[in-house]
Amino acid sequence: MTISRRNFLGITSASALGTAISLFASSKAEAAEIPAIKTLHSKESTTICPYCAVGCGLIVSARDGKVVNIEGDPDHPISEGSLCSKGMSLYQVVVNERRLTKLLYRAPHSDKWEEKSWQWALPEIAKRIKKTRDATFLAKEGDSVVNRTEGIACLGGAALDNEECYLYSKLARGLGITYLEHQARI
Amino acid sequence: MKAMLIDATRCVGCRSCQIACKEWNNLPGEQTEFFAAKGYQNPRDLSAKTWTLITYNELKVNNRFEWVFGKRQCFHCQEPACATACPVRALEKTSAGPVVYHPNLCLGCRYCQLACPFKIPRFEWHSPVPKITKCTMCADRVAAGLEPACAKACPTDAIIFGERETLAAEAENRIHRNPRGYVHHVYGKDEVGGTCVMHLSNVPFAELGFSPNLPRRSLVQHVQHAMQPIPFLIAGLGIALGAISWIVNRRIELQEKEQQQCPQPTHDSPQ
Amino acid sequence: MSTTNTRFPTIGQIVLGLLAVVGISLIAYRFVYGIGAVANLSDGYPWGVWIALDVLTGIALASGGFVMAGTIHLFGGRKFHALARPAILTAFLGYLLFIIGLLVDIGRPWNIWKAMYSWHHESPMFEVAWCVMLYTTVLFLEFLPAVFEKFSLTRIHAYWHSLVPWLIMFMLGFFTLAMTYSWLWAGIIICILLLWELAMRTKLMPRDKQMPIILIMAGVIFSCMHQSSLGTLFLIVPHKLHILWYTPILPALFLLSAIMVAPAMVIVEAILTEKSVGHKAHTHLLSRLGQVIPYLLSLYLLLKVADVVGRGAVPYVFMLNAQAISWWAEITIGCIVPIILFLDPAICNSHKGLLWSSVPVIVGILWNRMNVAVVGIKVEDWEIYYPKWSELFITMGIISIGLLVFQILAKNLPIYESEAPSGAHN
Amino acid sequence: MVHSNVAMIIGSNVVENHPVAAKWLTRTKEKGAIIISVDPRYTRTSSFADIYCKMRSGTDIAFVNGMINYALQNNYIHRDYVVAYTNASFIISDKYSFQDGLFSGYDPSTRKYDRASWAYELDAQGNPQKDPTLQHPRCVFQIMKKHFARYDSETVCKITGSPRDIYEQVCRVYTSTWAPDRVGVWLYAMGTTQHTHGTQNIRAYSILQLLLGNVGMAGGGINALRGESNVQGSTDMGLLFHLLPGYLASPTKADANLAAYIKNYTPKASDPKSANWWGNYSKYITSLLKAWYGEQATRENDFAFHYLPKRSADYSWISLFETMYAGQIKGLICFGQNPAVGGPNANKERLALHRLEWMVSVDLWETETASFWKRPGVNPADIATEVFLLPACSSVEKEGSISNSGRWVQWRHKAVEPIGEAKSDLWILDALCKSVKQEYASDGVFPAPILHLAWNYGNGESVDAHREPDVQLVAREVNGNFTRDTSVQGKAFQKNDQVPSFALLQDDGSSSSGCWIYCASYPGLEAKDNQMARRNKQDAANNIGLYPSWAWCWPMNRRILYNRASVDANGNPWDARRWVVRWNTEAKRWEGDVPDGGWPPQEKLPFIMKPEGYAGLWATSLVDGPLPEHYEPLESPVSNLMSSQQVSPAIKLWHTSNKEMNLVGDFARFPIVGTTYRVSEHWQAGAMTRNLPWLSELVPDVFVEIGVDLAQQKGIENGNRVIVETARGKMEGYALVTRRFEPFQLHDKVVHEIGIIWHFGYNGLVQGDSANVLTPHIGDANTMIPEFKAFLCNVFKKEGGA
């Protein structure tokens, strides 16, 4: 009896040791893994930082239409991949729940925004522009042809692309606007 | 082995490294109010959401006013106390240099937090599935042949990345080239057995909040000294206890044989 | 086993039950919202009362199990036999509670089993984990005879008696292998144990009829290992732990203090259970235990003072800061006061005296562990820690559960012997 | 920058606001260059510099004039350069005089100068008379010597509050770059321009740089560090009232027709060696009109010149808001700008918004301007303005180019689609224009300029939410094309061919160009011809980091302006180790950078945009004086030590003309100098940064930097809430008590200065009071840029505040 029991236990303990040893080996394998970089299999495109005017280069990595990473462009001769805290934060400009996603309208005396569509808003804005321009248009000042309106002011542009600035400048002048200013003044 | 060299004399405190770290590691912003510590420092300390931090130190050095910026992050020790402490190898010193963390193994016992001489590992206190977090030297980037996000972002090359030996030599070289511009000490070269993040400074390191008197020897040794005798202890106790028991019980046996009629001494009256 | 039951449930049990319910609710809350929601722990103080109280102190206090078992079965203190089972049960429950406490304290308890096969023998925590697991098993095995007796499972009891040594050999061998990574050491340990067992089986060496000697030996070995390893945990922080507590002999101090608190703990527990379980304490045994205490305490105190002197830390003792004050409190409450009290024979012979002299020893241990894990840890100026109410209630809840279970088991199992143990002689 | 020996950083916190520019400063420093930081406050830039010299806000001219004086007195000037390339040798009219801070020709009733007496003495051919020996008592050099002699270092330091030893060290170190083989670079930003004498500040810098021969050199020049990514481009595109694209003047009512306009703006030069590039004015304006009105711009209708609005007053920022406040402006269109935070005297500018009938704001965020009607302290029910807030998309959700401070025009690619219903600004402008055209299709006042506006960007006639305008088409229009088959300078071109260079633009209507300086940026019709998208890192032959095949740089891909001044008369570089251009005598051509005109050396003078061809030490074109003179800011703690003219005599004083909400504070009530600035972690009015959690974490609230001494006097501790008050408004913030602000010892008193960051407002993830409620409506005499940087204020600990 005793002897057989001994044998039985001996076998069990031997097999338990064996199991332990196999676990032993597996734990080593589990530990050494390092996750793949998050930009793996993403589409890269270059951009220039929208903050200050040093003009640093950035690489935007996108996967499935979503930006996954934005970091400095090491090939860029000005920044050589480095960025400041703002440029480094560009990712949060793109992925940010505070961004405007809807066109908002505030009626006179109202205390809240209303969501509106582009189809509604554009003609409405155009009507306002026309009304004001027509009411304030000055064709002549004394004898001089001036063809301008001082009833509308345009601001901004330093955050826009050149092409956008150009169209802005063109449109504003086309409307006869002279109050045209932007960040370069301040 | 890869390492980083951080030169406080070049740092301008722009904190792009701080953001770069958050960007790459998908860490959220922290809610802060005013500045949490000296100068513009924010947040107050490293946390599960902040793995690296720039400190702002207004100092008078050689009668000259200096504003010196320090960087806090994991030192990636050559013999990390955290990795030794961890009962499950959730923290691992990789051969590439970084000390990395494997959440799938971690118990959350936080012994690493206690063990770290630099107070680096941080715990997600408010998560039901908490992790230990810390700078990983962007081990994933390093594995892919890139440099860590903070080193890449740094505009003034205050953080550089490379082979540890090269950087240690570069650090010595900088001190040698500009002996009046530096404290003659490369912090991390020898501390606690050497670290893979080394610092240069023009002010005493204690002024930047670095522990000034860390031993040159690895902290791991203190534990090893206590752990090494374990098998001897087990064997010794095994022999000693058995022998004592043999002797003692044998004597009792003999005594009992002699006084077989005697009642039990431990007999106690019930109730 | 006498149960002079009066009323069920008693007021004490109701209070304990309430505390247990509160504790369990808080634990549930913690598992939903994270540790930060119920505890004031922080990155500066990663370990708070849960570790200091539930783990460090809890384990130290549960030392009664191995000390009593060792004294009785190995060192011939058979007269204390009546105190063995309560001590073992206390220890067993203590360890179970400690494991529950640990599951609450560690952040990712679902991974706890991974500590079993990480083979990271450099980590003192790994050693503690293994020891605790194995020692809990040992305690369970030591506790089983009470169950066998209760249900008269004599056959199984016999099997148990003859099987346990082999199991222990396997456990200790495996433990050694895990700690050393060396088949040689594992072999040596197994050989030593085999030697004793064979000696006993061949009747060369006297055999304890009640408990397999090897089981008791394993209990002592495992206990010595992890009681000291809890001190080893702190050896890695020479820069962080205050000079009053950081010493290379911290493992020895932890072990010694665990041994010295054992008799005090047995006394307190015996006297307290006297009423709740309705069993009369063995006053003369307790007195005998009480007489040992001052010697143990003195030894510990001597070692501690010598250590402080030897490391040149004496100036720090006389500084006016929280650490020095706390050090003095620990020494005074835990050593000096009880030494003085226990030296008085009148105190040693009265229940009340024994109780109120033992309590400071326990408080002293608690205080010491708090000092090591919390007070002595160097942090930033702005980092403070005081336990949150919910932290304490979770601890109290766990202890309450333990006390309730103890009462139930003590009532229903042959824990307190009214007669001399059947197999203790011959 | 990397090639400099000394870098002077004044009026700019380059390291904080342009950290990547600091990369190059670091490299310069590595090579042994000395960095000087001059600032009222010890900044992150100062921490980086070798020498820090403090200077009270608004005293730049005194500071730099003293440096000029130091150079002149010690003859630390690059004489050959000065004689060859500047107007130092020109002789000035004998009617010129200067007395007690006033130049000759001043009319106190109009607060304007008649500049006739500042003119050069002309010879019989109409060329200025010169004295190359620089000895003539009325030559510019001698007049300067006399003018600047008044700025000795003792006087200067009494004005600026700088420590004299450090100031003299700055003078000594910087003027050491007079040597031909030493170069100094000058960096400035808004700390320079945002003053009543901002233009004269820059004049002073230029004079010093020209005297030291540092202009046109590698590692030299005067570099404005611009704050907005495309403020250069938007200025290039004429988004200012006085400019059309390409720095052409916007016409005034005096320009009755195109001929008159061309006559009024084309400078004349009789010196045959002067390239006088602006002599081509007619070509550029005609090409612009062709680009805008296409087929409708014909020789017969004066190229539709009358379609352009003519100005007859000052329409600049302050004026705009004063007029809006007066209720004369009914509608406002605002693209990505936030005047409710960024404008001076913000309380007044916010109130001005109430008077609008409608406002269109295009932005990524809900800005303070867009939601002015629900700001704290106002009742929305009282405000009648309709507001349209159009969601714009971010820079990675669209495509286009931007121009950096160094005029590099770089292309940005689209990475992802815009979020939600956001649209690119290009789409919005296109849709707006189409909608307006539609409104005017049937009736309206003078609809021709709108209906005839050439507008076809490849996405159809009507507004289509799913079709973006083709940005390539816009970029090609900006570059310009030939409108008919033609032959220019012997080369034949077909209709619709892109114009390869602005040198080929014509004034006969055969070419169009939306912005002449961008001509050559897109010389072909294919996307690969887009020069702005180039990414070739091959450096030029001189290896000084010009990267001529990376992106594109206006004009003509020229990376360093006036680079022909970096060589001597024979085309040999002043400094052969870091040459910019050099004349290859064998190949008979220039090497290195694209030169300022390909003529051989000596044939043309290097300063091609100047009618005389010489750089102007003496300026006849500025309204407030030919030489820089120190005047105090509008609000100053001291009287002007240099003359009895307290403030610049030529500035418009809004507080006397438009009294309402234009109060000026005095020293008795407001004894502390205040200044505003930015921090590295936030940007401008803050919408782009205060909405980002990462940046909000770093700087979560507005703070006021206060020196230790002043804080002690006022019982303020670090972290207290404090109130800063000026005559115009008050605001609250956290006190940051620091040793980095020190008091200034001026000639008659000690003055403290405090600084406030201005990025904050009442919207966003983190909010705070706007510092611009403190700043006054007062502008530079020439540019009308408001004076944000120096005002008087007081500071208190907030009662009951933490």
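Quick note on labels: first sequence line is chain A, next is B, and so on, each numbered from 1. Just so you know, these numbers come straight off a predicted model, no measurement behind them.
To the nearest 0.5 angstrom, B:Ile120 atom CD1 is 10.5 Å from C:Asp43 atom CG. The structure places CD1 of B:Ile244 at 10.0 Å from CE of C:Met217, a figure rounded to the nearest 0.5 Å. A distance of 9.0 Å separates CD1 of B:Ile239 from CG of C:Leu195, quoted to the nearest 0.5 Å. The OG atom of B:Ser245 lies 10.5 Å from the NE2 atom of C:His73; values are rounded to the nearest 0.5 Å. Atom CG of C:Leu250 is separated from atom NE2 of B:His222 by 13.0 Å, given to the nearest 0.5 angstrom. The line from CD of C:Glu122 to CD of B:Glu79 is 9.0 Å long, rounded to the nearest 0.5 Å.
Only the side chain of C:Ile377 comes within less than 4.5 Å of a heavy atom of chain B; its backbone N, CA, C and O stay farther away. If you measure heavy-atom distances from C:Cys191 to chain B, you find no contacts under 4.5 Å at all. Only the side chain of B:Ile252 has a heavy atom closer than 4.5 Å to any heavy atom of chain C. In this structure, chain B has heavy atoms under 4.5 Å from both the backbone and the side chain of C:Leu41. The contact between C:Met205 and chain B is made by backbone and side chain atoms together, counting heavy-atom distances below 4.5 Å. Heavy atoms of B:Ala90 lying under 4.5 Å from chain C are absent altogether. For chain B, no part of C:Ala129 is nearby; none of its heavy atoms comes within less than 4.5 Å. In this structure, chain B has a heavy atom under 4.5 Å from the side chain of C:Ile189, while its backbone stays farther away. For C:Pro248, no part lies near chain B; criterion is any non-hydrogen pair under 4.5 Å. For C:Met179, the part lying under 4.5 angstrom from a heavy atom of chain B is the side chain only. Neither the backbone nor the side chain of C:Leu193 comes within contact range of chain B; no heavy atoms are under 4.5 Å apart. Within the 4.5 angstrom heavy-atom criterion, no atom of B:Lys257 approaches chain C. Both the backbone and the side chain of C:Thr232 come within less than 4.5 Å of a heavy atom in chain B. With a threshold of 4.5 angstrom between heavy atoms, C:Phe175 approaches chain B through side-chain atoms but not through N, CA, C or O. Looking at C:Tyr29, there are no atoms closer than 4.5 Å to chain B (heavy atoms on both sides), in backbone or side chain. Only the side chain of B:Leu214 comes within less than 4.5 Å of a heavy atom in chain C; its backbone stays farther off. For B:Pro103, the parts lying under 4.5 angstrom from a heavy atom of chain C are both the backbone and the side chain. Using a 4.5 Å cut-off between heavy atoms, B:Ser211 does not touch chain C at all. Heavy-atom distances place no part of C:Trp130 under 4.5 Å from chain B, backbone and side chain included. At a 4.5 Å heavy-atom cutoff, the contact between C:Val32 and chain B is made by backbone atoms alone. Only the side chain of B:Val248 comes within contact range of chain C, with at least one heavy atom under 4.5 Å from a heavy atom of that chain.
For the set B:Ser127, B:Ser47, B:Ala48, B:Pro128, the count of heavy-atom pairs under 4.5 angstrom toward chain C peaks at B:Pro128. Ranked by heavy-atom pairs under 4.5 Å with chain C, the list B:Pro231, B:Ala83, B:Ala81, B:Ala226 is led by B:Pro231. Taking chain C as the reference chain and counting heavy-atom pairs below 4.5 Å, the highest number among B:Val192, B:Thr84, B:Ile132, B:Val220 is found for B:Thr84. Between chain B and the residues C:Met200, C:Met225, C:Lys378, C:Arg30, the most heavy-atom pairs under 4.5 angstrom are made by C:Met225. Per-residue heavy-atom pair counts under 4.5 Å with chain B were compared for C:Tyr45, C:Phe31, C:Phe75, and the maximum is reached by C:Phe75. Looking only at heavy-atom pairs under 4.5 Å with chain B, the residue among C:Pro46, C:Pro251, C:Pro124, C:Gly76 that has the most is C:Pro46. Chain B forms more heavy-atom pairs under 4.5 Å with one residue of C:Leu235, C:Ile51, C:Leu241 than with any other, namely C:Leu235.
Between C:Asp105 and B:Arg110 there is a salt bridge, since a side-chain N of the basic residue sits under 4.0 Å from a carboxylate O of the acidic one. Salt bridge annotation for C:Arg78-B:Glu256: present, with a cationic side-chain nitrogen under 4.0 angstrom from a carboxylate oxygen. Taking the charged nitrogens against the carboxylate oxygens, B:Arg44 and C:Glu380 have no contact shorter than 4.0 Å, which rules out a salt bridge.
Counting all heavy atoms, side chain and backbone alike, B:Ala115 lies closest to C:Val237 at CA-CG1, 3.7 Å. Minimum heavy-atom separation, B:Gly238 to C:Ile192: C-CG2, 3.9 Å. A pairwise comparison of heavy atoms in C:Ala115 and B:Leu107 identifies CB-CD1, 4.1 Å as the closest pair.
No side-chain heavy atom of B:Pro87 sits less than 4.5 Å from a side-chain heavy atom of C:Lys114. Looking at C:Ile35 and B:Phe123, their side chains come closer than 4.5 Å, going by heavy atoms from C-beta outward. Looking at C:Cys224 and B:Leu237, their side chains come closer than 4.5 Å, going by heavy atoms from C-beta outward. Side-chain contact between C:Leu204 and B:Trp246: present, with at least one pair of heavy atoms (C-beta onward) separated by less than 4.5 Å. Using a 4.5 Å heavy-atom threshold, the side chains of C:Glu127 and B:Ile230 count as touching. Side chains of C:Phe234 and B:Leu114 form a contact here, defined as non-hydrogen atoms less than 4.5 Å apart. Proximity of C:Ile216 to B:Leu241: side-chain heavy atoms (C-beta onward) are nowhere separated by under 4.5 Å. The shortest side-chain heavy-atom distance between B:Leu219 and C:His239 falls under the 4.5 Å cut-off.
Looking at C:Arg108, its side chain never comes within 3.5 Å of a backbone N or O of B:Gly108 through a donor-acceptor pair. Judged by distance alone, with hydrogens and angles left aside, the side-chain atoms of C:Ser123 form a donor-acceptor pair with the main-chain N or O of B:Ala85 at under 3.5 Å. Counting only distance, with no hydrogens or angles, the side chain of C:Lys240 and the backbone of B:Cys116 share a donor-acceptor pair below 3.5 Å. Listed for the C:Asn111 side chain is a donor-acceptor partner under 3.5 Å among the backbone atoms of B:Asn104. Panel note: side chain B:Arg250, backbone C:Pro206; no donor-acceptor pair is recorded below 3.5 Å.
Residue C:Lys388 places its NZ atom among more than 12 non-hydrogen atoms of other residues, nucleotides or ligands, all under 6.0 Å distant. The number of heavy-atom neighbours closer than 6.0 Å to CD of B:Gln228, taken from other residues, nucleotides and ligands shown, is above 12. Environment of CG in B:Asn26: crowded, with over 12 heavy atoms of neighbouring residues, nucleotides or ligands closer than 6.0 Å.
No close placement of the B:Trp125 and C:Tyr33 rings is indicated, their centers lying 6.0 Å or farther apart.
By the 30° and 60° cut-offs, the orientation of the rings of C:Trp47 relative to B:Tyr111 is parallel.
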Worksheet item: What do the steps show when you test B:Asp45 against C:Glu383 for side chain to side chain contact (heavy atoms under 4.5 Å, CB included), and what is the final call?
Response: CA-CA 11 Å; B:Asp45 198 359; C:Glu383 283 174 320; 4.0 Å; yes

